[in-house]
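Everything on this sheet refers to the single structure shown next.
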Amino acid sequence: MTWEWIRLIGSGGCLLIGMIFMILAVFGVNRFHRALNRMHAAAMGDTLGILFVFLGLMLMRGWSMDSLKLLLVILFFWIASPVSGHMISRLEVMTDEHLGEMMVIHREKKPGENQESEEKGKEKQHETV
């Protein structure tokens, strides 16, 4: 009886952690602007989210043939996901002309700021670009 409760709590915890990783991956994919950043967020959701969800399902079922099948699915995802992610990122690097450009953020001039500090700021901006 105690072992069943431990399995239930462990599987529920793993399912909850997996769902949290997947939800965070959705927010990451929607938040980032570049394709490579979006891919990283999606890969984290794939890798960790699916891992924890399937571990929770494996704990729920116990040691059976279903658990072995879920383990094989985890292994397949862990082999296929990095390979497909690498291929997509290579395609993005080859096709994006503006990938190496840096975005420069211009800050607004505060009242009371003198001319010298403004000139120094412009010099620093030109050095970083």
Side-chain angles (χ1 to χ4, degrees):
M1 183 70 178
T2 306
W3 174 247
E4 291 176 15
W5 280 102
I6 292 172
R7 250 181 37 193
L8 179 68
I9 292 170
S11 64
C14 284
L15 287 170
L16 184 66
I17 291 170
M19 292 304 295
I20 288 171
F21 274 116
M22 288 183 180
I23 290 170
L24 289 175
V26 167
F27 285 123
V29 167
N30 288 326
R31 181 187 177 282
F32 292 126
H33 300 291
R34 301 255 182 199
L36 294 175
N37 296 340
R38 288 180 176 180
M39 270 187 24
H40 179 71
M44 287 293 110
D46 269 352
T47 306
L48 295 174
I50 290 175
L51 170 73
F52 280 108
V53 167
F54 284 178
L55 281 178
L57 292 174
M58 287 169 64
L59 282 173
M60 201 178 288
R61 284 300 282 170
W63 296 109
S64 66
M65 193 59 110
D66 295 335
S67 297
L68 178 65
K69 290 176 188 176
L70 288 171
L71 181 66
L72 291 174
V73 170
I74 289 172
L75 291 176
F76 173 74
F77 270 112
W78 275 27
I79 291 170
S81 182
V83 172
S84 63
H86 179 73
M87 296 296 287
I88 294 170
S89 65
R90 250 181 102 162
L91 178 69
E92 176 66 20
V93 168
M94 292 165 105
T95 58
D96 191 3
E97 312 169 336
H98 307 291
L99 189 63
E101 292 179 6
M102 231 169 91
M103 183 171 62
V104 177
I105 299 173
H106 300 284
R107 64 183 184 98
E108 294 179 21
K109 191 168 90 173
K110 296 178 184 175
E113 200 173 352
N114 60 10
Q115 187 70 17
E116 293 173 12
S117 65
E118 185 178 314
E119 290 173 1
K120 288 180 184 177
K122 284 184 180 178
E123 289 174 7
K124 288 182 181 178
Q125 279 182 345
H126 292 296
E127 289 173 5
T128 58
V129 175

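All of these numbers come straight from a predicted model, not from anything done at the bench.
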Path from Met44 to Leu16 over hydrophobic side-chain contacts below 4.5 Å: no
Candidate pair Phe27 and Ile23, rule side chain to side chain contact (heavy atoms under 4.5 Å, CB included), full reasoning: CA-CA 7 Å; Phe27 285 123; Ile23 290 170; 3.6 Å; yes
Path from Ile20 to Leu57 over hydrophobic side-chain contacts below 4.5 Å: no
Non-hydrogen atoms of Phe54 and Val73 that approach each other most closely: CE1-CG1, 3.1 Å
Distance-minimising heavy-atom pair for Ile50 and Asp46: CB-O, 3.1 Å
Shared hydrophobic cluster, Leu48 / Ile17 (ILVMFWY, side-chain heavy atoms < 4.5 Å): yes
For the student: nearest non-hydrogen atoms of Ala41 and Ala25, plus distance: O-CB, 3.4 Å
Interatomic distance, Phe52 atom CZ to Ile74 atom CD1 [nearest 0.5 angstrom]: 10.5 Å
Trp78 backbone acceptor or donor facing Ser81 side chain under 3.5 Å: no
CZ-OG distance between Phe77 and Ser84, expressed to the nearest 0.5 angstrom: 10.0 Å
Hydrophobic cluster membership, Leu51 vs Met60, 4.5 Å side-chain cutoff: yes
Qualifying salt bridge (Lys or Arg N to Asp or Glu O under 4.0 Å) pairs with a residue from residues 63-75, counting only residues at least two apart or across chains: Arg61-Asp66
Leu59 CG to Ile6 CD1 distance, which is reported to the nearest 0.5 Å: 11.5 Å
Val53 and Met22, any side-chain heavy atoms less than 4.5 Å apart: yes
Leu8 backbone acceptor or donor facing Ser11 side chain under 3.5 Å: yes
Distance (rounded to the nearest 0.5 Å) between Met58 CE and Leu71 CG: 5.0 Å
